[in-house]
*Asks:* 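Okay, handing you the structure first.
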There are 2 protein chains.
Amino acid sequence: MNKVMFNLKNEKIPRATITRLALYVQQLEALEQKGEKVISSEKLAQECGVNPSQIRKDLAYFGEFGVRGVGYYIYELKEAIKKSLGLDRVWNVVLVGVGNLGRALLRHNVLRKRGFVIVGAFDCDPFKIGEEVAGLEVFCSSTLPDKIQELNAEIGIITTPPERAQRAANYLIKGGIKGIVNFAPTRISAPENIVVEYVDFINHLFSTAFQISLNQSKGLYI
Amino acid sequence: MNKVMFNLKNEKIPRATITRLALYVQQLEALEQKGEKVISSEKLAQECGVNPSQIRKDLAYFGEFGVRGVGYYIYELKEAIKKSLGLDRVWNVVLVGVGNLGRALLRHNVLRKRGFVIVGAFDCDPFKIGEEVAGLEVFCSSTLPDKIQELNAEIGIITTPPERAQRAANYLIKGGIKGIVNFAPTRISAPENIVVEYVDFINHLFSTAFQISLNQSKGLYI
DNA sequence: ATGATAGTGTGAAATTTTTAACAAATACTT
DNA sequence: AAGTATTTGTTAAAAATTTCACACTATCAT
């Protein structure tokens with residue numbers, strides 16, 4: 001389940017570290033907008049709700065970005081993290097499954113702002129093929145193998161219903177995709193060298209419901 | 001960051017366990033649909049991509065649901081997990097922020113299928129107020145405190161832009177919400193007894209990009 | 001019945017991840 | 001220029017989580 005990742009020194013990097021680094025980038029950008037220039041691991045930790053040592057440890061996997069006695073220069077740290085994560089460039093993305101969620105992602109400009117540009121939209125529904133969504137023409141899913149090459153896409157987003165997710169994945173794989181982000185609530189199988197990530201926000205509702213139930217049983221609400 | 005949860009015996013339950021339990025439910029439902037009746041931890045582990053012991057350990061937090069030498073009866077296990085997580089009932093949910101993502105969630109029937117019913121939609125944009133989305137009238141966010149009571153909602157979903165997330169949270173809290181699932185890419189602050197979960201799918205794109213970069217540096221694609 | 005096979009539940013071991021502690025480095029003050 | 005404040009990077013300790021290993025229970029075949 002938890003694929004292990006390595007940095008260039010071949011140390012194992014916890015998956016949780018990657019998630020937190022993304023969080024740090026987020027916070028650093030917010031701080032930048034406020035006009036801040038420097039921040040300590042202690043302050044940043046506070047903002048992110050984590051332990052200061054953890055931040056320093058997380059960063060240490062990739063290098064030394066701070067100045068002792070001073071802290072971290074916000075802009076430079078942000079850039080350093082992004083570079084470490086391979087986010088210092090644009091990633092071309094194709095999306096399969098132009099349903100409600102697919103449309104939302106196509107129109108969502110957060111992706112673009114973070115360097116992920118959706119360059120192609122695909123669906124297998126004849127009624128959707130040919131339609132234009134967010135400036136993109138929807139193509140037939142079966143054309144994916146060719147289109148991926150043509151569009152130079154490296155990442156595929158799957159937003160189909162679960163029963164069609166594996167087929168979508170197969171098309172993506174056939175086209176030589178390198179990574180898949182699957183929003184459909186089902187596992188998919190893919191060769192070892194293809195990165196597969198699952199996004200499942202139902203989890204978070206489950207978890208919220210569970211924690212509320214616990215709080216309730218402790219009488220925290222009455 | 002990782003809030004610790006407890007079961008009724010007051011053991012700490014890892015957050016990761018909850019996430020996996022949600023995954024198990026998903027797989028069990030798929031198996032049920034295929035007409036399967038019984039499954040072993042080994043087989044289920046395979047389906048979920050985890051270790052069999054882990055499944056048994058996860059379940060042990062809540063009770064003994066299996067039969068030695070036999071395995072787990074799928075329907076009963078699924079129900080038992082759902083009950084353990086407090087998912088054996090309907091949860092009323094309100095949604096704040098009727099943008100692209102908000103609309104997608106409002107129309108998404110997966111939520112309803114899992115027992116989360118969106119009973120109210122809110123936004124602060126006068127152009128959106130009064131509009132009808134997925135059979136719900138959009139109300140002004142400032143009416144949240146009253147409406148939450150009225151609608152008997154316990155969970156709030158935030159799908160506003162990040163700069164308005166905290167204000168949305170404040171309305172929700174004022175209305176006596178018990179849990180918040182925040183899709184906006186920003187942290188929010190709330191009293192201790194209110195459960196806050198963050199959904200951030202950009203993380204998954206970051207993580208995918210990073211892993212691809214690593215694979216690339218290992219020459220895995222050429 | 002009895003033996004063989006399958007498979008859970010669980011305590012102990014191994015691993016991973018987080019937190020604490022502190023030496024080393026910088027800046028600021030006098 | 002020396003002393004004090006900070007705050008990083010890193011090693012060591014602590015805590016949490018995962019995996020192993022196996023006793024124990026059920027089923028099936030003979």
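Residue numbers begin at 1 in each chain, while the letters A, B, ... track the order of the sequences. For clarity, every value in this text was computed on a predicted model and none was experimentally measured.
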*Asks:* Tell me if dA16(D) is syn or anti. Syn = glycosidic torsion within 90° of 0, anti otherwise.
*Replies:*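 Anti, which is what one calls it when the glycosidic angle falls more than 90° from 0.
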*Asks:* How close or far is atom P of dA21(C) from atom CD of Q54(A), stated in whole angstroms?
*Replies:*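 Rounded to whole Å, this separation is 16 Å.
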*Asks:* When the distance from CD1 of I55(B) to P of dT17(D) is rounded to whole Å, what number comes out?
*Replies:*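 The distance from CD1 of I55(B) to P of dT17(D) comes to 18 Å, rounded to the nearest Å.
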*Asks:* How many Å lie between CD on E42(A) and P on dT19(C), as a whole number?
*Replies:*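 The answer, rounded to whole Å, is 14 Å.
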*Asks:* How long is the line joining CZ of F65(B) and C1' of dT10(C), in whole Å?
*Replies:*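 Nearest whole value for this atom pair: 15 Å.
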*Asks:* Which pairs with one or both residues in residues 97-112 of chain B pass salt bridge (charged side-chain N to carboxylate O under 4.0 Å, His left out), sequence neighbours excluded?
*Replies:*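 Every pair satisfying salt bridge (charged side-chain N to carboxylate O under 4.0 Å, His left out) with a residue in residues 97-112 of chain B: R103(B)-E131(B).
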*Asks:* Are the charged groups of E197(B) and R15(B) less than 4.0 angstrom apart, N to O?
*Replies:*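 Between R15(B) and E197(B) there is a salt bridge, with a charged N closer than 4.0 Å to a carboxylate O.
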*Asks:* Rounded to the nearest angstrom, tell me the gap between atom CG in D58(B) and atom C1' in dT18(D).
*Replies:*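 Roughly 10 Å, once rounded to whole Å.
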*Asks:* Using atom CD1 of I13(B) as one end and atom C1' of dA15(D) as the other, report the distance to the nearest whole Å.
*Replies:*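 Atom-to-atom, I13(B) to dA15(D), this comes out as 17 Å.
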*Asks:* Closest approach of L31(A) and I39(A), non-hydrogen atoms and distance?
*Replies:*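 Closest approach of L31(A) to I39(A): CD1-CD1, 3.3 Å.
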*Asks:* Starting at atom CG of L59(B), determine the distance to atom C1' of dG7(C), rounded to an integer number of angstrom.
*Replies:*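 Going from CG in L59(B) over to C1' in dG7(C) covers 13 Å.
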*Asks:* Between S40(B) and T17(A), name the one whose nearest nucleotide on DNA chain C is closer to the 5' end.
*Replies:*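 Whichever sits nearer the 5' end wins; that is S40(B).
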*Asks:* Is the phosphate of dG9(D), meaning OP1 or OP2, less than 4.0 Å from a side-chain N or O of Y72(A)?
*Replies:*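 Yes, Y72(A) has a side-chain N/O under 4.0 Å of OP1/OP2 on dG9(D).
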*Asks:* Sorted by first residue and then second, give each salt bridge (charged side-chain N to carboxylate O under 4.0 Å, His left out) pair with at least one member in residues 70-97 of chain B; sequence neighbours left out.
*Replies:*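 For residues 70-97 of chain B, and leaving out neighbouring residues, the salt bridge (charged side-chain N to carboxylate O under 4.0 Å, His left out) pairs sorted by first residue read E29(B)-K82(B), E32(B)-K78(B), R89(B)-E154(B).
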*Asks:* Which letters describe nucleotides 20-30 of chain D, given B = protein heavy atom under 4.0 Å from base, S = only from sugar-phosphate, - = neither?
*Replies:* BB--BBSS---
*Asks:* Would you list the pairs meeting salt bridge (charged side-chain N to carboxylate O under 4.0 Å, His left out) in which at least one residue belongs to residues 47-68 of chain A, sequence neighbours left out?
*Replies:*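 Found R20(A)-D58(A).
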*Asks:* Which residues satisfy the ring-ring contact (aromatic ring centres under 6.0 Å, His included) test with F183(B), sequence neighbours excluded?
*Replies:*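 Testing F183(B) for ring-ring contact (aromatic ring centres under 6.0 Å, His included), a comparison that skips the adjacent residues, returns F201(A).
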*Asks:* Does anything in residues 156-165 of chain A pair up under salt bridge (charged side-chain N to carboxylate O under 4.0 Å, His left out), and if so which pairs, sequence neighbours excluded?
*Replies:*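 Non-adjacent pairs meeting salt bridge (charged side-chain N to carboxylate O under 4.0 Å, His left out): zero.
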*Asks:* Given atom CD1 of I39(A) and atom P of dT7(D), what is their separation to the nearest angstrom?
*Replies:*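 My rounded result for the distance is 11 Å.
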*Asks:* Both distances below 3.5 Å, Watson-Crick or wobble geometry, any strand: find the nucleotide opposite dA5(D).
*Replies:*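 When the pairing criteria are applied, nothing turns out to pair with dA5(D), so the answer is none.
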*Asks:* Only pairs with both distances under 3.5 Å count, Watson-Crick or wobble alike; so what is the partner of dT26(C) in this structure?
*Replies:*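 Result: none.
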*Asks:* OP1 or OP2 of dG7(C) sitting under 4.0 Å from any side-chain N/O of S41(B)?
*Replies:*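 So the side-chain polar atoms of S41(B) never come under 4.0 Å of the phosphate oxygens OP1 or OP2 of dG7(C).
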